[in-house]
Colleague: 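Handing you this structure, nothing more for now.
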Amino acid sequence: MTNEENHSMEEQELREILLVRREKLKELQEKGNNPFTIEQYIRTHMSKEILDNFENLEGKTASIAGRIVSKRGHGKAGFAHIQDMEGRFQIYVRQDQIGEESYKEYTTYDLGDIIGVEGEVFRTKKGEISLKAHSVVLLTKSLQPLPEKWHGLKDPDLRYRQRYVDLIVNPEVKDVFIKRTKIIRKVREFLDNQDYLEVETPILNTIAGGANAKPFITHHNTLDLDMYLRIANELFLKRLIVGGFDRVYEMGKMFRNEGMSYKHNPEYTAIEIYEAYTDYNRMIEITENLVEYVAKEVLGTTKINYDGVEIELKAPWKRVSMHDLVRDKTGIDFMAAKNNEEARALAKDLKQIENIDKLTKGEIINAAFEEFCEEDLIQPTFVLHHPVDVSPLAKRNPDNLEITNRFEAFIYGREIANGFSELNDPIDQKQRFLSQLKARELGDEEAHMMDEDFINALEIGLPPTGGLGIGIDRLIMFLTNSHSIRDVLLFPTMKPEIK
RNA sequence: GACUCAUUAGCUCAGCUGGUAGAGCACCUGACUCUUAAUCAGGGCGUCCAGGGUUCGAAUCCCUGAUGGGUCACCA
């Protein structure tokens, strides 16, 4: 034997587990039983339907189809479980029922193969509702082995990359995504029932506005124009309010070119809701009522357990001003500071806040809030009246022009909603864009870009309006007790695998 | 981005102070017509993440890199 032959034999042995299945497929094809030519299989029932209606179906004929997930042979008979969308179902296959030829072929089927089975509904001696096969058809040959049957697929990386395998072997994953769909449907239902109009605004933007974030850049060839994937849809929705749609919302993907973590994915789903002739108080009510409604509808309760902590989502939620929180936690009354210098002097002992000498009074209050207060907000809480310096799109509070009529909702120390009375003074808005522009020139890539057309819209006239954004993935994390955003995204963003 | 842990069979994992790579499941062969982690007997399966170094000898020690997890930082 030459080295080359030796090597190729080793190669073959290496992949024996794969070759065996390919051989089986080849044999079937040579016999004229190529499963990949089959285009349909008529099933009369889903697995769950038979389980739920056994009394009516016992003794009757039914057909089901699905993937073989376990198999137990006993010589001239055997049991197997097949899995369809609704669950697992046992089949009982006997040589004297389906014939010698057919039975011999059945014994070659592997875990992962997809089959159709027609047979009689019955209950085994051990009590399991099953199907006694009259015929078994191979519908798809699986050429790769499934993960091990009771440890399953655990490697998180593989689970995300090969979600299709994850879904097959970890049924509870399916439940999370079924729940995700229900949650999204119920959010829409809540708003549709109150005559909010769902709209679609551009994802490809020439100005990435509506939030402080780094955008993804892409390129339009015909226009030879760099474009941004949207970081928010706020400015478009407010244009629609200007146009006379008094209640609008949009739920969809946002894209932010920033870090990834258990609560950040580069593309994520958010909803923004705008309503004319109302203020931030109304948006606070919508937030707590919407979350309460969705929890009740999807989970049947407003009490959730997240990571071992009981959380009550029932409205009304607690309301507290940001400044009071910071003052109570740090013992420093920043509102007493008359200017930035005084605020910096007050903050000088707060070592956790970086670059204090570059921050304004409002930014210091916000930083102190994030550093010292956020994590304590376990039960749903609205934090009110953010400084104007960190709220370039929010209306000022008439009693104190340094703060805004804005709120953020926190659950388990995480922000899940943000809303405010929308700034509709075009002159003030322009000033704030200009100061954002200045920050941008100083290197803040996340500062707002100037949006002249949005200013134009405000000059046409935006009625008093309340606006609100909710992080849908984070809401879903709470309602499904998921600890990573990747667990609520079917295909989370992954680096490409290097082979 | 920083720190830290991990990467061994298709899957889940063991492998001690350096001495020829292990188990279970899955797969193959045989027995078995009510099993369900089926059972019983036998068998095959490895780029020990990659590259370099130390050593007579490296899955094991050292360095560099890749990928992933966790923690922290920024962002929702």
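Hydrogens, waters and symmetry mates are skipped; everything else that's a heavy atom, side chains included, is used. Below, chains carry the letters A, B, ... as their sequence lines are ordered, and counting in each starts from 1.
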Colleague: Not counting sequence neighbours, which residues clear side chain to side chain donor-acceptor pair (under 3.5 Å) with A:Arg94? List them please.
Modeller: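 For A:Arg94, the residues satisfying side chain to side chain donor-acceptor pair (under 3.5 Å) (neighbours in sequence not counted) are A:Tyr92, A:Asp96.
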
Colleague: For B:G22, give the paired nucleotide (Watson-Crick: N1-N3 plus N6-O4 or O6-N4; G-U: N1-O2 and O6-N3; both under 3.5 Å), or none.
Modeller: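 By the stated definition (distances under 3.5 Å), B:C13 pairs with B:G22.
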
Colleague: Give A:Lys263 one of three labels, base, sugar-phosphate or nothing, depending on what nucleic acid heavy atoms sit under 4.0 Å from its own.
Modeller: base

Colleague: Mind checking what makes side-chain contact (heavy atoms from CB on, under 4.5 Å) contact with A:Arg188, not counting sequence neighbours?
Modeller: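 Here the qualifying residues are A:Ile184, A:Asp192, A:Glu198, A:Tyr249, A:Met251.
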
Colleague: How would you list all residue pairs meeting side chain to side chain donor-acceptor pair (under 3.5 Å) that involve residues 376-388 of chain A, not counting sequence neighbours?
Modeller: A:Tyr280-A:His385, A:Lys329-A:Asp376, A:His386-A:Glu408

Colleague: Of the nucleotides B:U33, B:U36, B:C11, which has the atom closest to the A:Lys76 side chain?
Modeller: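 Nearest listed nucleotide: B:U33.
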
Colleague: Counting only Watson-Crick pairs (N1-N3 plus N6-O4 or O6-N4) and G-U wobbles (N1-O2, O6-N3), all under 3.5 Å, who is the partner of B:U47?
Modeller: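 Here B:U47 is not engaged in any pair, so there is no nucleotide opposite it.
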
Colleague: Should B:U55 form a Watson-Crick or G-U wobble pair with both distances under 3.5 Å, which nucleotide is its partner?
Modeller: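 Paired with B:U55, as far as the under-3.5 Å criterion goes, is no nucleotide at all.
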
Colleague: For the pair made of CD in A:Glu27 and C1' in B:C28, what is the distance, rounded to whole Å?
Modeller: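 Atom-to-atom, A:Glu27 to B:C28, this comes out as 13 Å.
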
Colleague: Are the charged groups of A:Glu422 and A:Lys238 less than 4.0 angstrom apart, N to O?
Modeller: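 Result for this pair is yes, salt bridge flagged.
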
Colleague: Can you tell me the distance, in whole Å, between the CZ atom of A:Phe89 and the P atom of B:U35?
Modeller: 17 Å

Colleague: Anything under 30° is parallel, anything over 60° is perpendicular, the rest tilted; go ahead and classify A:Phe382 against A:Phe407.
Modeller: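 The arrangement is perpendicular - the two ring planes meet at more than 60°.
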
Colleague: Return the value, rounded to whole Å, for the distance between atom CD1 of A:Ile168 and atom C1' of B:C11.
Modeller: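 The distance from CD1 of A:Ile168 to C1' of B:C11 comes to 13 Å, rounded to the nearest Å.
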
Colleague: What's the gap between B:G52 and B:G57 when it is taken at their P atoms, as a whole Å value?
Modeller: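 Pairwise P distance, B:G52 against B:G57, rounds to 15 Å.
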
Colleague: Can you check the distance between B:U29 and B:G44, where both ends of the measurement are the P atom (answer in whole Å)?
Modeller: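 Roughly 15 Å separates the two P atoms.
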
Colleague: Assign A:Gly78 to base, sugar-phosphate, or nothing according to its heavy-atom contacts below 4.0 angstrom with the strands shown.
Modeller: nothing

Colleague: Among residues at least two apart in sequence or on other chains, which ones pass side-chain contact (heavy atoms from CB on, under 4.5 Å) with A:Ala347?
Modeller: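 Scan of A:Ala347 (side-chain contact (heavy atoms from CB on, under 4.5 Å), adjacent residues dropped) gives A:Phe334, A:Leu350, A:Ile356, A:Ile364.
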
Colleague: B:G10 and B:C16: how far apart are their C1' atoms, nearest whole angstrom?
Modeller: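 These two C1' atoms come out 29 Å apart once rounded.
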
Colleague: Tell which nucleotide pairs with B:U33, taking only Watson-Crick or G-U wobble pairs whose two distances are both under 3.5 angstrom.
Modeller: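 Checking every strand shown, B:U33 finds no partner, since no pair has both distances under 3.5 Å.
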
Colleague: State which residues pass side chain to side chain donor-acceptor pair (under 3.5 Å) with A:Arg72; sequence neighbours excluded, sorted by chain then number.
Modeller: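 A:Arg72 satisfies side chain to side chain donor-acceptor pair (under 3.5 Å) with A:Ser70, A:His81, A:Gln90 only.
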
Colleague: Please tell me which of the listed nucleotides, B:C34, B:U36, B:G10, lies nearest to the side chain of A:Lys132?
Modeller: B:C34

Colleague: If I pick the C1' atom on B:A58 and the same atom on B:A21, what distance separates them, to the nearest angstrom?
Modeller: 13 Å

Colleague: Under the side chain to side chain donor-acceptor pair (under 3.5 Å) test, which residues partner A:Thr330, sequence neighbours left out?
Modeller: none

Colleague: Taking the C1' atom of each, how far is B:A73 from B:C63, in whole Å?
Modeller: 28 Å

Colleague: Polar atoms only, N or O, under 3.5 Å: list the protein pairs with nucleotides 48-50 of chain B and their distances.
Modeller:
none

Colleague: Tell me the interatomic distance from A:Arg72, atom CZ, to B:U33, atom P, rounded to whole angstroms.
Modeller: 16 Å

Colleague: What contact category does A:Asn265 fall into here, base, sugar-phosphate, or nothing, at under 4.0 angstrom with non-hydrogen atoms?
Modeller: base

Colleague: Send over the distance from A:Arg159 CZ to B:C11 C1', rounded to a whole Å.
Modeller: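 Going from CZ in A:Arg159 over to C1' in B:C11 covers 14 Å.
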
Colleague: Distance check, C1' atoms only: B:A23 and B:G15, in whole angstrom units.
Modeller: 10 Å

Colleague: Taking only residues two or more places apart in sequence, or in another chain, which ones meet A:Thr107 in a side chain to side chain donor-acceptor pair (under 3.5 Å)?
Modeller: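 Side chain to side chain donor-acceptor pair (under 3.5 Å) check on A:Thr107 returns nothing, list empty.
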
Colleague: Can the positive tip of A:Lys214 be found less than 6.0 Å from the middle of the six-membered ring of A:Tyr228, inside 45° of the ring normal?
Modeller: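 No, a cation-pi geometry is absent between A:Lys214 and A:Tyr228.
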
Colleague: Taking A:Asn33 for the side chain and A:Gln29 for the main chain, is one N or O donor matched with an acceptor at less than 3.5 Å?
Modeller: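 A pair under 3.5 Å: no.
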
Colleague: What distance do A:Gln144 atom CD and A:Gln162 atom CD have between them, rounded to the nearest 0.5 Å?
Modeller: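 Reported value, rounded in 0.5 Å steps: 7.5 Å.
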
Colleague: Looking at B:U35, B:C11, B:U33, which one has an atom nearest to any side-chain atom of A:Phe79?
Modeller: B:U35

Colleague: Among residues at least two apart in sequence or on other chains, which ones pass salt bridge (Lys or Arg N to Asp or Glu O under 4.0 Å) with A:Lys141?
Modeller: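 A:Asp110, A:Asp113.
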
Colleague: Does A:Glu292 reach the main-chain N or O of A:Ala315 with its side chain, forming a donor-acceptor pair under 3.5 Å?
Modeller: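 Flag set: sc A:Glu292 to bb A:Ala315 pair under 3.5 Å.
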
Colleague: Rounded to whole Å, please give me the gap between CD in A:Gln144 and P in B:C25.
Modeller: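 The answer, rounded to whole Å, is 22 Å.
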
Colleague: Which parts of residues 117-129 of chain A get close to RNA chain B, meaning a heavy atom less than 4.0 angstrom away?
Modeller: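 Nucleic-acid contacts, sorted: A:Phe122, A:Thr124, A:Lys125, A:Lys126, A:Glu128.
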
Colleague: Who does B:U71 pair with, Watson-Crick or G-U, both distances under 3.5 Å?
Modeller: B:A2

Colleague: Toward the 5' end of RNA chain B, which comes first, A:Lys71 or A:Gln95, by nearest nucleotide?
Modeller: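 Closer to the 5' end of RNA chain B: A:Gln95.
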
Colleague: Kindly write out the residues that satisfy salt bridge (Lys or Arg N to Asp or Glu O under 4.0 Å) with A:Arg185, not counting sequence neighbours, or none if the list is empty.
Modeller: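 Residues passing salt bridge (Lys or Arg N to Asp or Glu O under 4.0 Å) with A:Arg185: none at all.
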
Colleague: Nearest to the side chain of A:Leu153 - B:C34, B:U36, B:U12?
Modeller: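 The answer is B:U12, which lies nearest to the side chain.
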
Colleague: Would you mind pulling out the nucleotide paired to B:G42, Watson-Crick or G-U wobble, both distances under 3.5 Å?
Modeller: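 Partner of B:G42: B:C28.
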
Colleague: Expressed in angstrom and rounded to an integer, what is the separation of A:Asp110 atom CG from B:U29 atom P?
Modeller: 10 Å

Colleague: With rounding to the closest Å, how many angstrom separate the C1' atoms on B:C27 and B:A6?
Modeller: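 Roughly 28 Å separates the two C1' atoms.
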
Colleague: Categorize A:Asn418 for me: base, sugar-phosphate, or nothing, with a 4.0 angstrom heavy-atom threshold over every strand shown.
Modeller: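 No contact at all - A:Asn418 keeps every heavy atom at 4.0 Å or more from the nucleic acid.
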
Colleague: Give each protein N/O atom lying under 3.5 Å from an N/O atom of nucleotides 68-74 of chain B, with the pair distance.
Modeller:
residue, atom, partner, partner atom, Å
B:G69, OP1, A:Arg486, NH1, 2.6

Colleague: Starting from C1' on B:C27, measure out to NZ on A:Lys141 and report it in whole angstrom.
Modeller: 11 Å

Colleague: On a whole-Å scale, what distance lies between the C1' atoms belonging to B:U4 and B:G42?
Modeller: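 Between the two C1' atoms, the distance is 46 Å.
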
Colleague: Using purine N1 to pyrimidine N3 plus N6-O4 or O6-N4 for Watson-Crick, or N1-O2 and O6-N3 for G-U wobble, each under 3.5 Å, what pairs with B:A66?
Modeller: B:U7

